[in-house]
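Just so it is clear, the model here is predicted, and its values are computed rather than measured. In each ligand, atom 1 is the first atom listed, and ligand 1 is the first ligand listed. Sequential numbering from 1 along the given sequence is applied to the chain's residues.
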Amino acid sequence: MKFTPLHEHFVAQLDGIDLRTPPTPEAVREVEQGMDRYGVLVIRGQPLTEEEQLAFTRCFGPLDLGFGRVKKKGGPRRLTHDELGDISNVDVDGKIAAPGSNKVVSNIANQLWHADSSFQRPRARYSMLHAVVLPSRGGETEFCDARAAYDALDDETKARLEGLEAEHFALHSRIMLGDTEYTQEQLALLPPVWWPIVQTHAGSGRKHLFIGAHARAIRDMPLAEARMLLMDLLEHATRPEFVYRHTWQVGDLVIWDNRCILHRGRSYDLSTRRELRRSTTEDVELEVAA
Ligand code: OGA
Ligand code: MN
């Protein structure tokens, strides 16, 4: 395996691995070491079936269903496997989703900076996003290194953040986008959770911010102050020097570590087709350690 850095702080392209053949335990360890260091790995030229993507992902831990476990439960799906997130603007009938539909709102919610499944326990560890159909322009995905962003905070801010906990709620960003219709049953599946704003990344031993679009409050802080602080921190973390923009090619698989990396999709013409598939692992290691 060969890791080629693509950014000053994080992100590497990984060559010399075929994701269709099950990796040996040593190969899994090597990918994890690369992930611990780089936070994001770009693997090109991997035309994977749903099954192949899931088999590879399972080597890194139990699968996380995230938001999918609520919205799509019981309803018809475009993909065969419930464990895969259908990150597309395409309906079950194969047509481009109508403006204003749930599918489109999900697409747009993904365009806010976030960490996948930060609204639940266990949260997500790795997300693996695979490109199947792409629009001719736009629709890139951006990543930011919340470790480098933490390092760059001034000492006063670091001291202020010590011990603070943020509340993460799955529907916070969706409600903000006008998607408010949820049943009591759905709400019961999505109780908010609390996470420290500053954490130590298990893989690299480095401190990082843990924030994003799901964070809506800070414990023992008036709401307006809390929201402003969360917005200021997000603005800091996503300064251009901490951001890598990935321009997709069909067959790419990009893996990121949701514990220390934030991401967002970029806009594109929603009347043109974009289809990616996401598989995600649970951060069970941390749960055990905690
Ligand atoms: C995701 C996500 C962004 C994108 O799949 O978790 O946020 O660019 N995707 O599609
Ligand atoms: Mn996401």
Side-chain angles (χ1 to χ4, degrees), residues 11 39-43 48 50 53-54 57 60 63-72 77-79 81-90 96-97 102-120 123-146 168-174 176-177 179 190 210-215 234 237-238 243-270 272-283:
V11 192
V40 182
L41 294 177
V42 173
I43 312 171
L48 299 173
E50 288 187 33
Q53 180 173 349
L54 286 171
T57 309
F60 297 87
L63 298 176
D64 165 45
L65 294 183
F67 199 65
R69 124 190 94 97
V70 176
K71 279 300 266 192
K72 293 157 199 153
R77 295 192 91 241
R78 220 168 58 84
L79 301 180
H81 294 273
D82 282 347
E83 299 90 339
L84 279 175
D86 179 19
I87 310 300
S88 79
N89 61 336
V90 181
I96 304 269
N102 256 329
K103 195 83 199 166
V104 167
V105 174
S106 295
N107 259 267
I108 295 174
N110 277 344
Q111 294 174 17
L112 298 164
W113 285 106
H114 65 282
D116 291 333
S117 295
S118 76
F119 49 77
Q120 64 180 35
R123 61 181 169 180
R125 184 181 181 215
Y126 293 165
S127 285
M128 305 195 181
L129 192 57
H130 180 50
V132 182
V133 178
L134 296 169
S136 54
R137 54 195 299 257
E140 301 89 352
T141 305
E142 290 183 340
F143 300 91
C144 90
D145 186 350
H168 293 242
F169 179 51
L171 300 182
H172 179 55
S173 60
R174 294 185 188 246
M176 206 257 292
L177 294 173
D179 178 26
L190 299 167
F210 193 67
I211 50 176
H214 307 307
L234 195 56
T238 58
V243 172
Y244 164 77
R245 171 180 282 203
H246 184 67
T247 302
W248 291 95
Q249 294 172 11
V250 169
D252 285 354
L253 185 93
V254 175
I255 314 177
W256 64 91
D257 186 337
N258 286 291
R259 298 171 299 183
C260 63
I261 303 293
L262 293 168
H263 65 285
R264 67 168 176 182
R266 301 304 283 145
S267 67
Y268 64 102
D269 178 351
L270 285 160
T272 64
R273 209 168 260 272
R274 182 177 190 262
E275 296 180 44
L276 299 96
R277 296 177 190 149
R278 171 154 72 83
S279 45
T280 306
T281 67
E282 289 182 337
D283 185 25

- Between His168 and Ser118, a side-chain donor and acceptor under 3.5 Å: yes
- Answer yes if the side chains of His263 and Asp116 hold a donor-acceptor pair under 3.5 Å, and no otherwise. yes
- Determine, step by step, whether Arg264 and Leu112 satisfy the side chain to side chain contact (heavy atoms under 4.5 Å, CB included) criterion, reporting the C-alpha distance in whole Å, the side-chain angles of both residues, the deciding distance to 0.1 Å, and the verdict. CA-CA 5 Å; Arg264 67 168 176 182; Leu112 298 164; 6.0 Å; no
- Task: For Ile261 and Tyr126, run side chain to side chain contact (heavy atoms under 4.5 Å, CB included): C-alpha distance rounded to whole Å, both residues' side-chain angles, the deciding distance at 0.1 Å, then the answer.
- Result: CA-CA 10 Å; Ile261 303 293; Tyr126 293 165; over 6 Å; no
- Please state whether the rings of Trp248 and His246 are parallel, tilted or perpendicular, taking 30° and 60° as the class boundaries. perpendicular
- Message: Check the orientation of Trp256 and Phe143. Use parallel for under 30°, tilted for 30 to 60°, and perpendicular for over 60°.
- Response: tilted
- Message: Going by side chain to side chain contact (heavy atoms under 4.5 Å, CB included), name the residues that satisfy it together with Glu50, two or more places apart in sequence or in a different chain.
- Response: Leu79, Thr80, His81, Leu84, Arg277
- Task: Quickly, which of Asn89, Asp269, Val133 forms a side chain to side chain contact (heavy atoms under 4.5 Å, CB included) with Arg274? Name it, please.
- Result: Asn89
Note down each nitrogen or oxygen pair, ligand 1 side and protein side, whose separation is under 3.5 Å; give only atom names and the distance to 0.1 Å.
{"from": "ligand 1", "atom 1": "5 (O)", "to": "Arg278", "atom 2": "NE", "distance (Å)": "3.1"}
{"from": "ligand 1", "atom 1": "6 (O)", "to": "Asp116", "atom 2": "OD1", "distance (Å)": "3.1"}
{"from": "ligand 1", "atom 1": "6 (O)", "to": "Asp116", "atom 2": "OD2", "distance (Å)": "3.3"}
{"from": "ligand 1", "atom 1": "6 (O)", "to": "His263", "atom 2": "NE2", "distance (Å)": "3.4"}
{"from": "ligand 1", "atom 1": "6 (O)", "to": "Arg278", "atom 2": "NE", "distance (Å)": "2.7"}
{"from": "ligand 1", "atom 1": "6 (O)", "to": "Arg278", "atom 2": "NH2", "distance (Å)": "3.4"}
{"from": "ligand 1", "atom 1": "7 (O)", "to": "Asn110", "atom 2": "OD1", "distance (Å)": "3.4"}
{"from": "ligand 1", "atom 1": "7 (O)", "to": "His114", "atom 2": "NE2", "distance (Å)": "3.1"}
{"from": "ligand 1", "atom 1": "7 (O)", "to": "His263", "atom 2": "NE2", "distance (Å)": "3.0"}
{"from": "ligand 1", "atom 1": "8 (O)", "to": "Thr141", "atom 2": "OG1", "distance (Å)": "2.6"}
{"from": "ligand 1", "atom 1": "8 (O)", "to": "Arg274", "atom 2": "NH2", "distance (Å)": "2.9"}
{"from": "ligand 1", "atom 1": "10 (O)", "to": "Arg274", "atom 2": "NH1", "distance (Å)": "2.8"}
{"from": "ligand 1", "atom 1": "10 (O)", "to": "Arg274", "atom 2": "NH2", "distance (Å)": "3.3"}

- side-chain hydrogen bond (donor to acceptor under 3.5 Å, both in side chains) filter on Asp64, not counting sequence neighbours, yields Ser117, Gln120
- Protein-side N, O or S atoms sitting under 2.8 Å from the Mn ion (ligand 2) are His114 NE2, Asp116 OD1, His263 NE2
